[in-house]
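The figures that follow rest on heavy atoms only: side chains count, while hydrogens, waters and symmetry mates do not.
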Amino acid sequence: MQKLYVNNYNVVIPNFKGFNFVHQMYEYMPDKLGRELTPEMIKLEYEIFKKMRVKNIRSFYGSSLCWDNVKKEYDFESPHMQAFYKSCLDFQEMGIEIGITPQWQFKGFLNHPYEGELPNGINIGRFGDVVENDIEATAKNFEKFIELSVKAFEAHGIHNIKYFYCFTECNNTFNGENKELGKQLGLSSLLKRDYLKLVPIFRRFIEAVDNGLKAAGKRDDYKIIAPCDNWRADDGSEPYSILVKYCCEHLADKVDIIGSHNGYDRNWNYKDDDYYALPPTKLTDPIQRAKAIHKDFWVDEYNVAMHNQYLSCQKRETNLDPYKGLALGAMVNSIMNMGYTSNLMLWTLFDQQWPDHTNDGGFDKGVLVCGYYHNLLEKMQPTPSWYSAALISRYVGEGEVYECKVGDSVYLSAIKRTDGEYTLVVTSYNKDDQTVKIDFAKALGGKTFYKYVYDPENVTVTEGADLIGCSGSIEGVDTLLTDMVKSGTMVIYTTE
């Protein structure tokens with residue numbers, strides 16, 4: 001028997017925005033191969049968002065969508081921009097907020113100005129407004145790009161873009177190798193980042209976003225999230241990226257939300273009980289930094305994954321493992337129980353085509369294959385772990401997260417949603433089936449909880465992705481919920 005506890009007098013996250021997703025809005029854009037989503041595919045994609053009740057997404061945006069290389073000026077009525085507006089309006093109709101990354105690849109600010117025809121697809125570099133060897137002139141151009149962008153959004157009736165993510169792992173811009181420190185740690189080398197070179201440039205472009213929003217008269221309508229850094233592989237002097245510390249100490253007047261990419265919680269096997277313990281090893285320090293200056297903290301890129309010395313941890317073979325859904329449940333429990341993190345973006349909801357990549361890293365035939373749903377151009381089906389992600393996204397939702405005490409490899413997290421409903425997430429890595437007794441500090445008044453079970457051993461993948469149905473209910477819950485939880489399953493209990 002396992003005794004778990006919900007202290008529903010103690011709120012550890014008062015404004016939790018749920019578990020959300022990175023999603024590139026390519027609905028109406030052809031890729032470099034000329035392929036486009038059909039109306040049937042787009043309809044299915046939007047049905048998935050609705051089923052999962054996704055509340056916000058992080059997505060690509062950049063000058064490659066609007067640069068006219070003939071006229072050498074921005075064209076906010078270009079075909080790519082029309083496609084972008086259309087997607088934004090679709091998501092607006094679904095009630096989904098959007099955060100955009102106005103420059104995905106920070107190195108784009110430093111590259112030579114782009115010449116020649118734009119590719120058929122989007123590009124993560126920068127187009128047209130880069131002044132070679134002149135950071136200040138480029139930053140001024142970027143300010144104008146931000147100003148004109150938000151004015152264009154308003155002119156096209158787009159009001160659900162709320163956030164600017166600044167930027168994407170820009171601490172990877174100036175990298176070298178520290179072979180001596182790597183040797184001490186038993187590694188061939190360790191990444192050494194040149195922060196002295198990066199920081200003043202990073203600061204200038206954060207200021208450019210802030211200035212551009214102010215020039216448009218829209219600063220209060222948008223929040224800047226930064227540094228959106230890659231936490232891993234710094235030189236060992238900090239347990240997290242130095243840019244988190246820098247934003248907190250020097251850019252708190254420009255940055256509204258501290259955001260960080262904490263990569264993937266990796267282990268050798270999804271069946272191993274380590275996924276609850278991993279998040280605190282990465283998130284504790286940046287959370288404390290944000291908390292000290294009273295800023296919200298978002299994890300704007302995260303997921304669970306497996307080590308594999310032969311295959312990328314994101315490749316299809318490991319991504320299709322149904323036990324990924326169990327690992328996700330434990331990670332969700334951990335994030336909620338740590339407290340303070342008010343939003344988490346999973347990378348990614350769909351496998352998506354990135355035209356400039358082939359088979360390196362997490363890519364297979366040009367497709368980024370770490371999503372919970374297949375690339376719709378390849379297969380109109382979810383991966384097995386989508387059924388876990390869908391239950392979590394749909395039923396956890398937004399609200400206030402309570403303090404919880406967990407058991408022996410049986411994990412619990414709890415939320416009272418903004419609509420007044422309660423949801424519990426229980427993940428069992430215990431080797432035996434367990435009778436679980438969940439005590440509540442404050443009486444609930446005889447609630448009925450409905451039970452939804454994700455069992456990796458019994459996942460049936462279907463086209464259209466039918467959600468896992470209710471398998472039972474526990475009635476009259478006041479201060480105690482008792483149930484049998486099968487080993488190796490993730491269970492949602494919800495009053496909805």
Side-chain angles (χ1 to χ4, degrees), residues 20 22 56 58-62 99-110 124 126 135 138-139 142-143 146 162-176 191-213 219 222-264 279 282-303 340-345 347:
N20 295 288
V22 177
N56 55 77
R58 167 177 158 246
S59 193
F60 170 86
Y61 179 68
I100 55 175
T101 303
Q103 177 56 38
W104 194 274
Q105 188 181 61
F106 196 74
K107 292 179 181 178
F109 290 128
L110 311 175
I124 62 175
R126 190 119 203 111
I135 294 296
T138 300
F142 189 57
E143 289 178 11
I146 297 296
K162 301 290 187 180
Y163 310 98
F164 279 82
Y165 288 90
C166 302
F167 297 91
T168 299
E169 302 184 3
C170 60
N171 54 338
N172 285 333
T173 302
F174 303 112
N175 289 342
L191 204 62
K192 172 68 176 176
R193 291 168 171 148
D194 190 343
Y195 286 104
L196 291 177
K197 190 174 182 180
L198 172 64
V199 162
I201 302 173
F202 170 73
R203 180 187 183 94
R204 182 63 188 91
F205 283 99
I206 291 291
E207 291 172 346
V209 177
D210 183 63
N211 291 342
L213 292 174
R219 183 61 182 91
Y222 297 90
K223 292 187 182 297
I224 295 175
I225 305 170
C228 310
D229 57 325
N230 184 316
W231 70 274
R232 293 172 292 152
D234 277 349
D235 64 1
S237 62
E238 300 281 356
Y240 53 90
S241 170
I242 292 169
L243 285 184
V244 169
K245 180 179 178 180
Y246 183 82
C247 282
C248 291
E249 292 182 351
H250 301 286
L251 289 172
D253 61 331
K254 308 293 182 187
V255 174
D256 302 294
I257 298 169
I258 301 299
S260 183
H261 293 190
N262 278 267
Y264 294 83
K282 303 175 181 180
L283 294 174
T284 299
D285 290 302
I287 285 174
Q288 292 306 315
R289 288 280 177 183
K291 191 174 183 179
I293 62 168
H294 309 290
K295 297 282 188 183
D296 278 359
F297 180 77
W298 288 16
V299 182
D300 47 296
E301 191 172 306
Y302 208 29
N303 211 330
Y340 205 76
T341 298
S342 53
N343 197 0
L344 186 142
M345 296 283 179
W347 176 277

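Contacts of Ser59 classified as side-chain hydrogen bond (donor to acceptor under 3.5 Å, both in side chains), with partners at least two apart in sequence or in another chain: none.
In the model, Thr341 has no side-chain atom that pairs as donor or acceptor with a side-chain atom of Trp298 under 3.5 Å. Between the side chains of His261 and Asp300, at least one donor-acceptor pair of N or O atoms lies under 3.5 Å.
Summarising the local packing, NZ of Lys254 is surrounded by more than 12 heavy atoms from other residues, nucleotides or ligands at distances under 6.0 Å.
Nearest heavy atoms, Ala290 versus Phe297: CB-CB, 4.0 Å. Among all heavy-atom pairs drawn from Val255 and Lys295, the shortest one is O-NZ, 2.8 Å. Considering all non-hydrogen atoms of both residues, Phe205 and Ala139 come closest at CE2-CA, 3.6 Å. Smallest separation of non-hydrogen atoms from Pro227 and Cys170: O-SG, 4.4 Å. Between Val244 and Asp229, the shortest heavy-atom contact is CG2-OD2, 3.6 Å. Closest heavy-atom contact between Cys166 and Ala226: O-CB, 3.2 Å.
Distance alone, capped at 3.5 Å, is enough to place a donor-acceptor pair between the Arg219 side chain and the Tyr222 backbone. Looking at Arg126, its side chain never comes within 3.5 Å of a backbone N or O of Gly62 through a donor-acceptor pair. Within the 3.5 Å criterion, the main-chain N or O of Thr101 finds no donor-acceptor partner in the side chain of Arg58.
Here the straight-line distance linking atom CG of Asn171 with atom OH of Tyr195 works out to 4.5 Å at 0.5 Å rounding. The CD atom of Glu143 lies 9.5 Å from the CD1 atom of Ile146; values are rounded to the nearest 0.5 Å. Here the OG1 atom belonging to Thr138 is positioned 10.0 Å from the CD1 atom belonging to Ile201, to the nearest 0.5 angstrom. One finds the NZ atom of Lys282 at 10.5 Å from the OG atom of Ser260 (value rounded to the nearest 0.5 Å). The structure places CD1 of Ile293 at 4.5 Å from CD1 of Ile258, a figure rounded to the nearest 0.5 Å. Taking CD1 from Ile206 and CG from Asn211, the interatomic distance works out to 11.5 Å, rounded to the nearest 0.5 Å.
Between Phe202 and Phe167, the ring planes lie perpendicular to each other; the angle is over 60°, past the 30° to 60° tilted range.
Ion pairing between Lys107 and Glu169 fails under the 4.0 Å rule for side-chain N and carboxylate O.
Residue Phe164 forms a side-chain contact (heavy atoms from CB on, under 4.5 Å) with just one option from Ile225, Leu213, Asp256, and that option is Leu213.
Annotation: Phe109 is in aromatic contact with Phe106 [ring centroid separation under 6.0 Å]. Residues Trp104 and Tyr61 place their aromatic rings such that the two centres sit no closer than 6.0 Å.
You'll find the side chain of Tyr165 stays beyond 4.5 Å of the side chain of Ile224, heavy atoms only. Side-chain contact between Arg289 and Lys245: present, with at least one pair of heavy atoms (C-beta onward) separated by less than 4.5 Å. Side-chain contact check for Phe142 versus Val209: some heavy-atom pair is nearer than 4.5 Å. Side-chain contact between Tyr246 and Leu251 is present, with heavy atoms from C-beta onward closer than 4.5 Å.
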What do the steps show when you test Lys223 against Asp296 for side-chain contact (heavy atoms from CB on, under 4.5 Å), and what is the final call?
-> CA-CA 11 Å; Lys223 292 187 182 297; Asp296 278 359; over 6 Å; no
